[in-house]
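What you see is a predicted model; the values in this text were computed from it and never measured.
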Amino acid sequence: MGQIISQAVFKPNPGADMTKFMGFVSESVAIWRKHGADVSIWAVSAGEVGNMVFSARYDSFEAYGKCTRCFVCRPCISSIGQAKRNWLAV
């Protein structure tokens, strides 16, 4: 059986409070793990230095669907993501 991996590459805004930012990242990791994702965070050290990678792995498409459905169908979770987007450079 194949695995599914989704990744998001992002960069904190210049001057962001990195302690607070990493607290938000840790909170996000906990939420994704609670819903079944195997999550890891990486700091890019070659190429686009300063970027970070949020990687979520799932054992199957079914597991991916169950996890991501929680984020689409729950307004309280999607509002958390929306509120935190101002921490990221576009």
Side-chain angles (χ1 to χ4, degrees):
M1 178 185 295
Q3 296 180 355
I4 308 301
I5 295 185
S6 64
Q7 291 186 327
V9 178
F10 60 97
K11 185 173 191 168
N13 279 325
D17 180 340
M18 290 305 290
T19 301
K20 189 180 273 189
F21 176 77
M22 290 309 294
F24 289 145
V25 170
S26 295
E27 182 183 337
S28 297
V29 167
I31 291 169
W32 281 77
R33 285 183 177 158
K34 175 183 173 185
H35 293 287
D38 179 15
V39 179
S40 59
I41 303 293
W42 303 89
V44 176
S45 59
E48 300 281 331
V49 175
N51 285 355
M52 299 182 79
V53 178
F54 183 97
S55 179
R57 187 190 63 76
Y58 312 89
D59 291 330
S60 66
F61 273 110
E62 181 181 6
Y64 170 74
K66 284 180 181 178
C67 181
T68 55
R69 180 176 176 205
C70 294
F71 297 99
V72 174
C73 297
R74 291 188 176 171
C76 60
I77 290 180
S78 60
S79 67
I80 291 170
Q82 186 65 36
K84 292 179 182 171
R85 285 194 180 123
N86 62 348
W87 288 87
L88 304 177
V90 178

Review point. Take atom OH in Y64; do more than 12 heavy atoms of anything else shown fall under 6.0 Å from it?
Key: no
Do you know which two heavy atoms are closest between [X] and [Y], and how far apart they sit?
X	Y	value
V44	E48	CG1-O, 3.4 Å
K11	G50	CG-O, 3.8 Å
S40	W42	OG-NE1, 2.9 Å
V39	R33	O-NH2, 2.7 Å

Check your understanding: Residues in side chain to side chain donor-acceptor pair (under 3.5 Å) with N51, at least two apart?
Key ->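 Scan of N51 (side chain to side chain donor-acceptor pair (under 3.5 Å), adjacent residues dropped) gives none.
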Review point. S26: what forms a side chain to side chain donor-acceptor pair (under 3.5 Å) with it, not counting sequence neighbours?
Key: none
**Study point:** Common cluster, V53/M22, ILVMFWY with side-chain heavy-atom separation under 4.5 Å
**Key:**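 Cluster IDs for V53 and M22 differ.
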Review point. Under 4.5 Å between side-chain heavy atoms, hopping through other hydrophobics if needed: is there a path connecting F54 to I5?
Key: no
Enter the distance from [X]:[atom1] to [Y]:[atom2] here, rounded to the nearest 0.5 Å.
X	Y	atom1	atom2	result
Y58	Q3	OH	CD	12.0 Å
N13	M18	CG	CE	10.5 Å
E62	C67	CD	SG	12.5 Å
F61	T68	CZ	OG1	11.0 Å

